[in-house]
Amino acid sequence: VEPSVPGAKPAKRMSKRDKLVEDILAANFSVLILDECHNVKNENISSDNIARIAAAIPYKWGASATFIANTPIDAFNQLRILGHPLGRVSKGRFKREFAGMVLEDTPVGRAYVDGSKEDQEKAAGELRKWLALTGAYIKRSKRDINPNMPNHTVGSIPVKIDLAKFNSSVQDRLKSYKQSDLAISNLIAQRAVLAEMKVPFSLDQAENILDQGRKVLVFTCFQNSARMLQDGLKKLVDNDAQVELVVGDVGRDEVAQIIARFKDPKSSSKALVLSILKGGTGIDLPNVVQDVIFNDFSWTPKDAEQSEGR
């Protein structure tokens with residue numbers, strides 16, 4: 001009904017997300033598989049919508065290679081959404097008993113902060129015990145599902161860098177940061193510079209792989225090091241070969257096209273440089289690459305584990 005009609009109420013506008021939630025609820029599903037369930041660790045609109053859907057579905061499971069993304073408290077929202085008894089306790093109690101946090105006075109008022117290392121380890125042990133007792137999570141490796149999986153061999157290559165050059169580069173980079181005096185800024189600058197200084201060593205490994213006629217996948221955390229890797233790889237392949245790049249500014253549709261080209265054994269796509277954040281989840285490359293190089297790692301365990309799983 002048009003709002004201009006006397007007595008008519010304006011029609012309620014519904015976003016695509018809200019419409020999708022309503023459609024799912026109206027379908028009366030019986031089973032919910034919450035893939036990559038570690039992504040619901042934060043309480044926000046998206047996880048609230050997922051919780052609303054999950055509450056209406058009788059049978060639900062979560063699937064994740066990294067159940068706890070960073071710390072035990074990350075598990076709370078998953079357990080709440082999946083209807084586990086531990087998800088029904090108050091968040092404060094969960095923080096105290098299973099995350100080793102304590103309530104203290106802070107500049108913004110009373111708040112929970114991390115307790116001692118011993119308290120956190122004890123609490124994490126309690127969480128593991130209760131999850132095991134209730135059978136909340138069942139661990140299955142890829143080899144459990146497919147015994148014919150090839151061996152997963154992980155090695156590390158020691159690298160030697162010029163420390164004077166490293167320190168100088170870190171100081172130069174900090175000059176471009178708005179809050180260069182923060183400890184976190186210094187850590188980020190160190191990681192970014194180190195990633196760039198390791199590029200030549202990663203290219204040496206990639207050259208050995210490409211010389212054997214195999215495709216190669218290289219992970220890095222930073223856009224500068226990613227573009228340096230792409231430029232270096234272009235010099236190692238034939239002129240008609242492609243070196244693909246997936247970083248933060250590449251859209252979802254373009255990512256899908258790049259991955260499809262790289263998977264195609266007949267394509268000229270021979271190397272792929274992937275941002276750990278952009279390509280760590282949702283991308284599988286079965287029988288496409290035997291060799292994956294990590295130029296550098298994310299400092300978030302979840303991101304590191306997910307990218308290694310590719």
Side-chain angles (χ1 to χ4, degrees), residues 14-15 17-140 183-184 277 280-281 298-306:
M14 185 177 290
S15 68
R17 178 176 57 195
D18 292 337
K19 178 68 165 57
L20 178 60
V21 171
E22 295 298 331
D23 288 346
I24 292 172
L25 292 172
N28 294 319
F29 285 109
S30 298
V31 175
L32 168 67
I33 305 295
L34 190 58
D35 194 23
E36 306 294 0
C37 65
H38 57 270
N39 286 322
V40 300
K41 67 176 186 176
N42 297 318
E43 295 180 59
N44 50 38
I45 293 176
S46 294
S47 63
D48 285 346
N49 280 328
I50 294 171
R52 185 180 167 205
I53 292 169
I57 298 178
Y59 302 100
K60 39 198 170 262
W61 289 268
S64 174
T66 48
F67 151 60
I68 294 180
N70 297 313
T71 62
I73 192 60
D74 294 340
F76 178 73
N77 215 35
Q78 297 175 52
L79 295 168
R80 178 178 72 90
I81 289 173
L82 293 171
H84 189 275
L86 289 181
R88 299 191 192 114
V89 304
S90 71
K91 192 170 186 179
R93 179 184 172 188
F94 192 95
K95 287 179 176 180
R96 294 191 302 272
E97 297 185 15
F98 303 111
M101 303 177 78
V102 293
L103 193 59
E104 290 186 355
D105 290 321
T106 71
V108 294
R110 298 278 285 175
Y112 281 98
V113 298
D114 289 339
S116 67
K117 183 178 179 181
E118 291 75 18
D119 287 343
Q120 291 183 62
E121 289 177 349
K122 181 180 178 180
E126 280 295 303
L127 178 60
R128 282 192 292 269
K129 181 183 78 174
W130 280 103
L131 292 178
L133 286 173
T134 56
Y137 289 85
I138 302 173
K139 185 177 180 181
R140 292 288 184 269
I184 190 70
L277 287 177
T281 59
S298 170
W299 57 16
T300 304
K302 168 183 73 73
D303 296 332
E305 290 181 19
Q306 286 286 341

Parallel, tilted or perpendicular: which describes the rings of F94 and F98, with under 30° parallel and over 60° perpendicular?
tilted
Quiz question: by atom type and distance under 3.5 Å, do the side chains of N49 and R52 form a donor-acceptor pair?
no
Got a second to check how far R96's CZ is from D119's CG, nearest 0.5 Å?
13.0 Å
For V102 and G115, work out which heavy atoms get closest and say how close.
CG2-CA, 4.2 Å
Listed by chain and number, what are the side-chain contact (heavy atoms from CB on, under 4.5 Å) partners of R128, not counting sequence neighbours?
A124
Could you tell me the separation between the SG atom of C37 and the CD1 atom of I81, rounded to the nearest 0.5 Å?
9.0 Å
R110 versus D105: any side-chain heavy-atom pair under 4.5 Å?
yes
By side-chain contact (heavy atoms from CB on, under 4.5 Å), L20 pairs with (sequence neighbours left out) I24
Between CG of D23 and CD1 of I53, what distance do you get to the nearest 0.5 Å?
10.0 Å
Looking only at atom types and distance, does a side-chain atom of Q78 sit under 3.5 Å from a main-chain N or O of V40, one as donor and one as acceptor?
no
Under the salt bridge (charged side-chain N to carboxylate O under 4.0 Å, His left out) criterion, do E22 and K19 qualify, and how do the steps go?
CA-CA 5 Å; E22 295 298 331; K19 178 68 165 57; over 6 Å; no
Roughly how far, to the nearest 0.5 Å, is the CD1 atom of I45 from the CD1 atom of I50?
12.0 Å
Just so I know, are the side chains of R17 and S46 near enough to count as touching, which here means a heavy-atom distance under 4.5 Å?
yes
Under the rule for salt bridge (charged side-chain N to carboxylate O under 4.0 Å, His left out), what residues qualify as partners of R93, not counting sequence neighbours?
E97
Shortest non-hydrogen contact between L82 and W61, atoms and distance
CD2-C, 3.8 Å
Closest heavy-atom pair, L127 versus A75, reported as atoms and distance to 0.1 Å, is CD2-CB, 4.4 Å
Between K60 and A54 the two heavy atoms that sit nearest each other are NZ-O, 2.9 Å
Straight-line distance of N39 CG to L34 CG, nearest 0.5 Å:
9.0 Å
